[in-house]
Amino acid sequence: MIVKSAEFICSNTQVSKLPPPVKPEYAFIGRSNVGKSSLINMLTGKKGLAKTSQTPGKTQLINHFLINDNWYIVDLPGYGYARISKNKKEDWNKFIRTYLDKRESLQCVMVLIDSRLEPQKIDLEFCNWLGEKGLSFVLVFTKADKQSSIKTDQNIAKFKKALLATFEEVPPIFVTSSEAQSGRDEVLGFIDEVNGSFVVPEYLKS
Ligand SMILES: Nc1nc2c(ncn2[C@@H]2O[C@H](COP(=O)(O)OP(=O)(O)O)[C@@H](O)[C@H]2O)c(=O)[nH]1
Ligand SMILES: [Mg+2]
């Protein structure tokens, strides 16, 4: 896929105020600092589109970016940030889980995982929750330039093994580096393919 245009559309704190669900969308989510903003910028080829390294836990917003006038990247707040209060964490949970569970045009959740790390409990729990809800997701391993490909492969194998404790099969996996610009074609190719089967629900057609 060639990204011809990528524009910021809106930030929301309320699920009721999201754009009409008439275009396919892909939610990007992961632990704070996983490299989500960098990945969004790398995929779109726009350096400042998603802001990198903002104070973690600060922006609790659902951000919509429209790509090629045709589909949305949705930037969700990171999870697992230790320094936010318990109340804030619960707000995060409710807000994001409502969005993920209810959004009709959500095609796939792109779960970002730091490829340097062994499987993290919070990531596995989140994947299990997605599974329970029957939501499609893929794993996008980030920062692959930070270590050898052998190490990356080992961490991925461990993550797969951990998922297989609860899943019958593992979802598609992408290995990326925003620094080295790798994995871009694979992720965009996947989105392109899924976009191809999106149909606007009849009741939303005007
Ligand atoms: N080496 C390397 N560093 C990265 C990569 N992606 C992000 N980073 C760095 O990791 C930090 C967090 O990235 P950011 O995109 O802000 O993460 P976010 O909090 O998930 O949005 C920043 O210092 C980035 O420069 C990558 O692919 N390779
Ligand atoms: Mg960010």
Side-chain angles (χ1 to χ4, degrees), residues 1-9 24-59 61 63-68 70-81 107-124 126-127 130 136-163 170-196:
M1 184 195 310
I2 295 167
V3 175
K4 286 181 237 142
S5 63
E7 49 176 327
F8 170 75
I9 301 296
E25 69 188 43
Y26 300 84
F28 288 68
I29 193 164
R31 300 196 316 146
S32 303
N33 221 36
V34 69
K36 179 168 52 77
S37 301
S38 306
L39 182 77
I40 292 173
N41 293 341
M42 189 271 273
L43 291 175
T44 57
K46 269 202 175 180
K47 265 202 159 152
L49 191 66
K51 296 193 179 83
T52 37
S53 286
Q54 285 178 322
T55 313
K58 208 175 167 191
T59 35
L61 296 167
N63 297 309
H64 272 72
F65 300 100
L66 183 60
I67 315 301
N68 293 347
N70 182 40
W71 59 278
Y72 289 110
I73 283 178
V74 179
D75 185 3
L76 295 177
Y79 55 74
Y81 181 59
Q107 301 303 292
C108 185
V109 182
M110 318 297 280
V111 182
L112 275 58
I113 311 280
D114 191 326
S115 67
R116 294 172 298 177
L117 306 179
E118 307 241 320
Q120 302 287 301
K121 193 168 164 236
I122 192 163
D123 291 326
L124 292 165
F126 183 65
C127 290
L130 292 170
S136 305
F137 69 99
V138 299
L139 303 175
V140 181
F141 286 87
T142 62
K143 307 190 186 184
D145 61 285
K146 289 238 186 189
Q147 70 281 314
S148 69
S149 58
I150 295 170
K151 188 74 204 162
T152 301
D153 289 346
Q154 282 172 352
N155 286 340
I156 293 175
K158 285 181 190 164
F159 201 93
K160 278 188 187 173
K161 197 175 167 208
L163 273 187
V170 288
I173 286 174
F174 300 97
V175 182
T176 67
S177 160
S178 303
E179 192 70 30
Q181 307 259 312
S182 59
R184 187 172 182 270
D185 291 348
E186 290 78 4
V187 174
L188 290 175
F190 168 79
I191 290 173
D192 205 18
E193 208 180 296
V194 179
N195 280 345

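Everything numeric here is computed off the predicted structure, so don't read it as measured data.
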For this session: Determine whether I191 and I67 make a side-chain contact, defined as any pair of heavy atoms from C-beta on separated by less than 4.5 Å.
Result: no
Seminar exercise, completed: All heavy atoms of S136 vs all of Q107, minimum pair found to be CB-O, 3.7 Å
Exercise. For V170 and K160, which heavy atoms make the closest approach, and how far apart are they?
Worked result: CG1-O, 3.8 Å
Exercise. N41 side chain to A50 main-chain N or O, any donor-acceptor pair under 3.5 Å?
Worked result: yes
For this session: Please test L43 against V3 for side-chain contact (heavy atoms from CB on, under 4.5 Å), starting from the C-alpha separation and ending with a verdict.
Result: CA-CA 8 Å; L43 291 175; V3 175; over 6 Å; no
Problem set entry | Trace of the side-chain contact (heavy atoms from CB on, under 4.5 Å) decision for M42 with L39 | CA-CA 5 Å; M42 189 271 273; L39 182 77; 4.0 Å; yes
For this session: Look at the rings of Y26 and W71 and say which category their plane angle falls in: under 30° parallel, 30 to 60° tilted, over 60° perpendicular.
Result: perpendicular
Exercise. At their closest point, which heavy atom of G35 faces which heavy atom of S178, and how far apart are they?
Worked result: O-OG, 4.4 Å
For this session: Could you go through the side-chain contact (heavy atoms from CB on, under 4.5 Å) check for F190 and V138 one step at a time?
Result: CA-CA 10 Å; F190 168 79; V138 299; 3.5 Å; yes
Seminar exercise, completed: Closest non-hydrogen atoms of K4 and N68, given as atom of the first, atom of the second and distance, are N-OD1, 2.6 Å
Exercise. Closest approach of V74 and H64, non-hydrogen atoms and distance?
Worked result: CG2-NE2, 3.5 Å
Problem set entry | Whether T176 side chain and G183 backbone form a donor-acceptor pair below 3.5 Å | no
Exercise. Would you say the side-chain atoms of T152 and Q147 include a donor-acceptor pair closer than 3.5 Å?
Worked result: yes
For this session: Check the pair F159, N155 against side-chain contact (heavy atoms from CB on, under 4.5 Å), reporting the backbone distance first and the verdict last.
Result: CA-CA 6 Å; F159 201 93; N155 286 340; over 6 Å; no
